[in-house]
Amino acid sequence: MLKPIQIKEDLYYIGVNDRTKALFENLWPLPKGVSYNSYLILDEKTALFDTVDVCYSDVFFQKLETALNGRPLDYLVINHMEPDHSGSLGLLRSKYPNVEIVGNKRTADMIAGFYNITDNIKIIGDKEELPLGKHNLVFYLTPMVHWPETMMTYDTTDKILFSGDAFGTFGTIDGGITDRQLYPERYYDEMIRYYSNVVGKFGSPVQKALEKLSDLEIDYICSTHGPTWTIPEQIQKVISIYDKLSKYEGDEGVVIVYGSMYGNTEQMAETIAHELAMQGIKEVIMHNASKRAHSYIIRDIFKYKGLIIGSPTYNNRLFPEISAILEKIEERDMKNRYLSYFGSFTWAGAAVKRIGNFAESTNFEIIGEPVEMKQSMNIPVYEACVKLGKAMADRLIQDRK
Ligand code: FEO
């Protein structure tokens, strides 16, 4: 039997680890799994924060019952309705028919739609308070981080922010629950991947949410995925990661994402990459779009300022994997990137033109002259690729000043 884990006086972790699911949202790979976090405050009133994916409801309810130890469950606060968190809601209401569900107007609409529950729901507004006894909750509506009903709940007594998906990570929490009990470094890349894959389109709402929370003293961040953040430097760090990502600010470095059927277009990518290195750019990340899951390519595009895209012509269009990447970039309203591009064809060129159309639709700064190759590498194409690599390196180096 699994037991709830005490994080601090009155605060218990009753979430679960999922090492079974292959794809989060049936889209994004989970090689290190994911956790669905739920927390319980035991006070004069008892309050649960979010539930878990319904596949893990057995373990979740065991932990909850043990933690409550015969006491009633007074409130379920729903910070986020996506079913990885609300999935056990229907079962929870059956087991605890008197629990009052706390959420905003949009939450209530989704509870009715997803779970056909319309009674005993407490609708709260922005910055409304709910006393539990010693603890006092304040609700902050943070719409579109990343659904319209998303909100965060702040416990003014212990300075705990229940943040929903915000500051969450892929990866199970193995052993320890808090950043003091494990190596937080292993979660940062998975935090960036979670943000870029799932939340990435919503930079502006995330900025608004950060602004709204900026005056709060935060001693604990209890997100719905990944570790609980308690070390002041780690709290600062995860907030700054979110701030940077939501402003679409990238580090010095270049992601080269390319398609290549028989290796010819790849030779262009290799030439450009080597020239970047020769010019002193050390972060050069090459992604073969057919081989690497797009989840990781998108993560890296969020990390670095430079982006170089290459594609063969296929069916008089782009190579399909590159098309899919461009769509993912567009969906996320990416900003603040330097973009160069190249492509190839065998009898009629279309790829370079189509990446050019994409480039025009973005606000990216276009760097260098696009390179187009017929069939295979020759000296003029090689030299043009070198020139393109140098132009991108020069632009990045200019930003060092
Ligand atoms: Fe973790 Fe948006 O669900």
Side-chain angles (χ1 to χ4, degrees), residues 13-39 48-57 59-60 76-90 92 101 103-104 106-111 113-115 139-153 161-173 177 187-206 208-210 221-229 238 241-242 245-246 295 298-299 302 328 331-332:
Y13 178 83
I14 54 168
V16 297
N17 284 311
D18 180 348
R19 298 186 184 87
T20 304
K21 211 173 261 99
L23 298 172
F24 187 77
E25 294 181 335
N26 227 356
L27 283 170
W28 313 112
L30 290 172
K32 297 175 187 169
V34 69
S35 70
Y36 311 116
N37 298 342
S38 172
Y39 306 88
L48 179 68
F49 298 84
D50 296 300
T51 71
V52 302
D53 187 300
V54 70
C55 301
Y56 291 85
S57 57
V59 173
F60 168 70
L76 165 65
V77 176
I78 300 186
N79 286 318
H80 185 23
M81 273 299 293
E82 195 163 1
D84 54 331
H85 309 297
S86 71
S88 300
L89 180 50
L92 186 93
I101 299 172
N104 57 67
R106 286 185 144 144
T107 320
D109 178 59
M110 291 185 188
I111 295 172
F114 275 114
Y115 303 106
F139 304 104
Y140 289 83
L141 303 197
T142 54
M144 301 318 299
V145 181
H146 59 125
W147 278 27
E149 88 302 354
T150 45
M151 64 180 209
M152 301 191 199
T153 305
L161 181 68
F162 298 95
S163 63
D165 277 352
F167 316 115
T169 75
F170 289 132
T172 49
I173 32 183
I177 300 294
Y187 289 94
Y188 294 136
D189 255 6
E190 287 293 76
M191 177 179 283
I192 296 170
R193 191 163 69 90
Y194 188 93
Y195 179 91
S196 61
N197 290 189
V198 178
V199 186
K201 176 181 175 56
F202 302 101
S204 170
V206 171
K208 282 191 189 130
L210 292 176
I221 294 180
C222 292
S223 166
T224 44
H225 299 288
T228 296
W229 304 100
V238 300
I241 288 174
Y242 255 63
L245 291 169
S246 57
S295 171
I298 293 300
R299 176 198 65 190
F302 268 77
K328 288 184 175 73
E331 278 171 20
R332 285 163 180 72

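For ligands, and for the atoms within them, numbers begin at 1 and follow the listed sequence.
H225 has its closest N, O or S atom to atom 1 (Fe) of ligand 1 at the position named NE2.
Between Y56 and Y36, the ring planes lie tilted relative to each other; the angle falls in the 30° to 60° range.
Using modelled atom types, one finds a donor on one side chain and an acceptor on the other under 3.5 Å when comparing T224 with D165.
At a cut-off of 2.8 Å, measuring from atom 2 (Fe) of ligand 1, the protein N, O or S atoms that fall short of it are H80 NE2, E82 OE1, H146 NE2, D165 OD2, waters left aside.
A ring-ring contact (aromatic ring centres under 6.0 Å, His included) with Y194 is found for one member of F170, Y187, F302 and no other, namely F170.
Under the 4.0 Å criterion applied to side-chain N and carboxylate O atoms, R193 and E190 are assigned as salt-bridge partners.
Atom NZ of K208 is surrounded by 12 or fewer heavy atoms from other residues, nucleotides or ligands within 6.0 Å.
For the side chain to side chain donor-acceptor pair (under 3.5 Å) test, no residue two or more places apart in sequence or in another chain qualifies with Y140.
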